[in-house]
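To keep things clear, I will list the structure first and then write my remarks on it.
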Amino acid sequence: MEMQRPRGTADLLPGQVEDWQRLEAIVTKILSAANYQEIRTPIFEHTELFERGVGDTTDIVSKEMYTFEDRGQRSVTLRPEGTAGVVRAYVENKLYGTGTVSKLFYYGPMFRYEKPQKGRFRQFHQYGAEVLGSEKPAIDAEVISLSLRILVGIGLKNLTVELNSVGCSVCRPVHRALMVERLTPHKDELCQDCQNRLEKNPLRLFDCKNDRCQAILRDADVPYIVDVLCDDCRTHFDAVQRYLKVMDVPFRLEKGLVRGLDYYTRTAWEITSPGFTTIAAGGRYNGLVEEIGGPPTPGIGFAGGIERALWVLGEQGGTLRSSERLDAFVAVADEGGEGTAMVVLETLRGRGIRADRDYQGRSLKSQFKLADRLQARYVVVIGESELQSGKATVKNLDDGEQREIPFPQLADEIEQGIR
RNA sequence: GUGAGUGUGGCGAAGGGGUUAACGCACCGGAUUGUGGUUCCGGCAUUCGUGGGUUCGAUUCCCAUCACUCACCCCA
């Protein structure tokens, strides 16, 4: 039987890889300009890190983790997201000891045991940024701005930043209790999913697409959390919005927005484009560092899906690829030209000129066809007669002009021609 | 995890229980002597995801399995 790749994984073929490289270059450039530095953490971590960090009631931890026992009977897990690992590294390496704000970014594969569909894989890739050590609303605004700037930089259109605040350890429990109190009497009327949500994460009720559930929510007069924030959260959130406006970062208040991970506090946002799922998302996580064993340290970050960004880009007709032409194609006219052709190739390549030849024994005519397909600028023909005259036959495929150039000047001429 | 659909050459796609599995694109070769496009000619699936079953006979029917797609859950 033919070998197949594991479900939900993908091969990145030549051509696609170029998009990825360019995307990563854009991310690096934008984040570097804001003084963020790259960090690389392991692709797998102790299972406990995610159970504690991401939260064991979340779907990610409860049913989507790639967890294994290694040969030392330790339970390890392929990381399902990037934040937990970065925060762990921050704590373990005592980066908080620098006394400054840590601004970090990363790329890499993430793993979630899910049923694959469009824009959803078991191994997928994210870029992301994390800022540890500041709870200033201004940093929220900076991070949100950057998360959008990257997508714009990649070339995506019709982007929307959906913004919300999900409160903190002070106001969220109060709101949660209120929801449970008002909705429990109507529990039986809710859809099965919402009944579960009521127990696990009542905030999610706002996400339900079921009209009946939404009606019940209205009738029960259940407030959105953003409308009942404690004073500190209110003040913080107002400031974030104020800065965003000043910075001219467009956003839309989305009171029903909830993020899936337990660690989010206060600011939460998602970036979407009509007709697609979320492309990037982020939020503040003020309790996470402490949860993982570090000193109380506020944090905020976001992650973007590389496959998703590239998918949307492709659907919108964009690409990061530029047509890569071949500078010179060396055509071998006969056996006698073989050796010299190799010498010429070495010379051209040594100068950084992109050059190639045929290795399948094609006829000269076919070699020209191949050169045409590779969009070569020049074809250098080498055979017995060229060796006799000491001049290579060089044809410019763009204008069809053909000349004889002495071998010693060949590389110079081509170098000039491709500029 | 739940529900539904799909699976034919590199790609797109027709077909249908029975001697040689359409077609298009791509690809390869040729159209007299060492040259690209177009056109023309020729070539290119012992085989219809995989395994099993029904049958005289299956790629066409059934079952299983794998993969993909869509919706839900959830999410980047």
Side-chain angles (χ1 to χ4, degrees), chain A residues 1-10 13 54 57-64 79-83 107-128 147 150-151 191-197 200-201 204 207-210 257-261 270-273 276-283 301-312 326 329 331-337 358 360-386 393-402:
Chain A
M1 192 178 75
E2 194 173 307
M3 286 290 193
Q4 289 181 312
R5 64 181 185 271
R7 182 170 209 193
T9 63
L13 304 176
V54 178
T57 64
T58 61
D59 276 34
I60 289 178
V61 171
S62 64
K63 58 182 201 191
E64 295 175 0
R79 63 182 183 197
E81 54 96 54
T83 304
Y107 314 97
M110 305 293 165
F111 305 83
R112 258 120 93 157
Y113 192 87
E114 295 190 277
K115 199 156 185 172
Q117 29 179 287
K118 198 154 225 127
R120 168 181 290 179
F121 311 90
R122 287 188 173 178
Q123 176 179 336
F124 61 102
H125 301 74
Q126 294 183 331
Y127 59 84
S147 69
I150 287 170
L151 262 19
C191 69
Q192 187 56 52
D193 285 331
C194 279
Q195 293 190 25
N196 295 335
R197 290 177 175 127
K200 283 173 58 181
N201 190 351
R204 287 228 166 277
D207 265 353
C208 188
K209 288 143 196 140
N210 190 323
L257 181 78
V258 183
R259 307 267 33 253
L261 287 55
E270 291 186 3
I271 303 180
T272 61
S273 187
F276 300 96
T277 45
T278 305
I279 305 163
F302 69 85
I306 296 180
E307 288 87 352
R308 288 189 178 180
L310 257 16
W311 168 44
V312 174
L326 191 66
F329 185 94
V332 183
D334 48 55
E335 273 296 316
D358 159 68
Q360 295 177 301
R362 295 167 190 255
S363 64
L364 188 66
K365 182 190 184 76
S366 287
Q367 291 184 61
F368 267 86
K369 286 186 179 180
L370 183 58
D372 190 60
R373 197 163 75 217
L374 295 172
Q375 300 183 71
R377 285 186 157 78
Y378 294 98
V379 171
V380 179
V381 183
I382 299 173
E384 295 288 0
S385 71
E386 280 74 17
T393 302
V394 178
K395 181 165 184 177
N396 179 330
L397 289 193
D398 290 340
D399 58 21
E401 204 174 296
Q402 187 162 307

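A note on names: the letters A, B, ... follow the listed sequences, proteins ahead of strands, and every chain is numbered from 1. All heavy atoms count here, side chains included; hydrogens, waters and symmetry mates do not.
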Would you say the base of B:C75 and the side-chain of A:Arg308 have a donor-acceptor pair closer than 3.5 Å? yes

Give a yes/no answer on whether the side chain of A:Gln402 brings an N or O atom under 4.0 Å of OP1 or OP2 in B:U35. no

Should A:Arg362 be listed as having a side-chain N or O under 4.0 Å from OP1 or OP2 of B:C28? yes

Separation of A:Glu64 atom CD from B:G1 atom C1', in whole Å? 10 Å

Starting at CZ of A:Arg204 and ending at P of B:C73, how long is that distance when rounded to a whole Å? 10 Å

If I take atom NZ in residue A:Lys369 and atom C1' in nucleotide B:G29, what distance separates them, rounded to the nearest angstrom? 8 Å

Ignoring backbone atoms, test whether A:Ser366 places a side-chain nitrogen or oxygen under 4.0 Å from the OP1 or OP2 oxygen of B:G29. yes

Identity of whatever pairs with B:U54 - Watson-Crick or G-U, under 3.5 angstrom: none

Nucleotide B:A76, atom C1' - distance to CD1 of A:Ile306 in whole Å: 10 Å

Rounded to whole Å, please give me the gap between CG in A:Asp59 and P in B:C74. 7 Å

Rounded to whole Å, CD of A:Glu114 lies from P of B:A71 at a distance of 14 Å

Atom P, compared across B:G53 and B:U60: separation rounded to whole Å: 14 Å

Assert: residue with more 5' nearest nucleotide on RNA chain B, out of A:Lys63 and A:Tyr113, is A:Tyr113

Salt-bridge criterion met for A:Arg112 and A:Glu81 (N-O under 4.0 Å): no

Think A:Thr393 has a side-chain N or O under 4.0 angstrom from the OP1 or OP2 of B:U35? no

Side-chain N or O of A:Arg373 less than 4.0 angstrom from OP1 or OP2 on B:C27? yes

OP1 or OP2 of B:C73 less than 4.0 angstrom from a side-chain nitrogen or oxygen of A:Arg120, does that happen here? no

In whole Å, what is the span from the CG atom of A:Leu364 to the C1' atom of B:U35? 5 Å

For B:U32 versus B:G37, give the span between their P atoms, rounded off to a whole number of Å. 15 Å

Integer-rounded Å distance: B:C75 P and A:Leu257 CG: 10 Å

Using the P atom in both, what is the distance from B:G43 to B:G24, to the nearest Å? 13 Å

Are any side-chain N or O atoms of A:Arg362 and backbone N or O atoms of A:Leu370, one a donor and one an acceptor, separated by less than 3.5 Å? no

So which atom in A:Phe329 and which in A:Ala376 form the shortest heavy-atom distance, rounded to 0.1 Å? CB-CB, 4.0 Å

Using only atom types and a distance under 3.5 Å, with no angle test, would you say the side chain of A:Gln126 pairs donor to acceptor with the backbone of A:Met110? no

Can you find an N or O donor on one side and an acceptor on the other, under 3.5 Å apart, linking the side chain of A:Lys365 with the base of B:U35? no

Has A:Arg7 got a side-chain N or O lying under 4.0 Å from the OP1 or OP2 atom of B:C68? yes

Can you tell me how far P in B:A26 sits from the matching atom in B:C62, rounded to whole Å? 37 Å

Provide the distance between the two P atoms, one in B:U33 and one in B:C25, to the nearest whole Å. 27 Å

On RNA chain B, compare the nucleotides closest to A:Gln126 and A:Gly361; which residue's is nearer the 5' end? A:Gly361

